Number of protein chains: 2
Amino acid sequence: MNHSLDKTFAALADPARRTMVERLVIGPATVSELALPLPMSLPAVMLHLKVLEDAGLVTSRKEGRVRTCRIEPEKLSLAERWVSARRIMWENSLDGLKAYLDGAKTEKKK
Amino acid sequence: MNHSLDKTFAALADPARRTMVERLVIGPATVSELALPLPMSLPAVMLHLKVLEDAGLVTSRKEGRVRTCRIEPEKLSLAERWVSARRIMWENSLDGLKAYLDGAKTEKKK
DNA sequence: GAGATAGTTAAGTAACTGCTTGACAGTTTG
DNA sequence: CAAACTGTCAAGCAGTTACTTAACTATCTC
């Protein structure tokens with residue numbers, strides 16, 4: 001469980017991989033399409049793809065000589081839920097409540 | 001901007017650091033308190049704390065001989081927003097729409 | 001079947017991470 | 001002041017990450 005979050009967050013920590021994810025949320029893409037905007041060699045892109053697949057964020061299938069990649073959004077929302085749960089916990093804490101109220105006050109001042 | 005996300009996600013990719021964050025959303029804590037559940041030396045915890053501070057997820061202040069750490073939730077919600085924006089994009093894509101409808105169907109079957 | 005296309009493997013390298021132990025510094029407390 | 005407490009610095013080490021280039025395989029297209 002935690003191990004899964006490790007890999008998900010680690011995968012998202014790299015700008016090249018986030019760029020790949022940003023492309024894939026629009027729809028499936030080939031390896032070359034993913035590589036297009038990235039300033040690196042194809043083998044390097046393959047390694048990033050492997051990291052994303054290992055994290056379960058992306059799956060791919062090879063048909064003929066083309067590998068088509070698509071996003072796997074469950075791991076994405078797993079990460080989202082972890083973060084939002086912590087933010088909510090913080091909002092329910094005294095520390096967070098105070099900061100929230102202060103924030104609301106300065107918001108009004110605007 | 002992207003650089004900030006790099007550090008935030010990288011910081012969250014480590015279980016020790018997530019444990020520290022989980023402690024801090026409850027309220028401020030000292031370095032020793034953060035170290036208590038972690039299976040490592042104090043200097044190691046300091047390094048993790050440095051990573052969290054570098055990412056802007058945590059701030060700390062030393063009073064006397066005690067360093068008190070507290071969470072800084074803005075970076076947390078920055079990461080949250082990046083992920084949720086991508087999930088929403090995916091849901092609006094044909095790929096995501098299809099998967100969503102399929103999901104709703106299997107959900108009904110239950 | 002020759003050549004272009006799309007991807008893969010291998011080998012090597014430079015930099016970064018995550019830890020350790022040991023020595024040390026500043027701050028209370030008895 | 002001496003001892004205990006809380007944290008910090010430094011050196012060093014093992015393992016991982018993020019690439020590179022070069023060579024290769026498999027698949028289409030003409």
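Note that the structure is predicted; figures quoted are calculated from it, not measured. First the proteins, then the strands, lettered A, B, ... as listed; each starts at 1.
Closest approach of A/Arg86 to B/Val25, counting heavy atoms only: O-CG1, 3.4 Å. Listed here is the closest heavy atom pair of A/Glu80 and B/Ser84: OE2-CB, 2.8 Å.
Annotation: side chain of B/Lys98 is not in contact with side chain of B/Leu101 (no heavy-atom distance under 4.5 Å).
Here C/dT20 presents its P atom at 7 Å from CE of B/Met40, a figure rounded to the nearest Å. In this structure, A/Asp6 places its CG atom 10 Å from P of C/dG18, rounding to the nearest Å. Rounded to a whole Å, the CG atom of B/Asp54 is 15 Å from the C1' atom of C/dG18. One can place CG of B/Leu38 at 11 Å from P of C/dT20, the figure rounded to the nearest angstrom.
Each of A/Leu57, A/Val58, A/Thr19 was scored for a side-chain contact (heavy atoms from CB on, under 4.5 Å) with A/Leu24, with one residue passing: A/Val58.
The pair B/Asp54-B/Lys50 fails the salt-bridge criterion, with no side-chain N (NZ, NE, NH1 or NH2) lying under 4.0 Å from an Asp/Glu carboxylate O. A salt bridge does not link B/Arg70 with B/Glu72: none of the charged nitrogens is closer than 4.0 Å to a carboxylate oxygen.
Heavy-atom distances to DNA chain D give each of A/Leu47 and A/Glu63 a nearest nucleotide, and the one nearer the 5′ end belongs to A/Leu47. Residue whose closest nucleotide on DNA chain D sits further toward the 5' end, between A/Pro39 and A/Gly64: A/Pro39.
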How would nucleotides 2-17 of chain C be written as a contact map, 5' to 3', with B for base contact, S for sugar-phosphate-only contact and - for no contact, using protein heavy atoms under 4.0 Å?
-> --BBSBBB--------
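Contact annotation: A/His48 does not reach the phosphate of D/dT17 (side-chain N/O to OP1 or OP2, under 4.0 Å).
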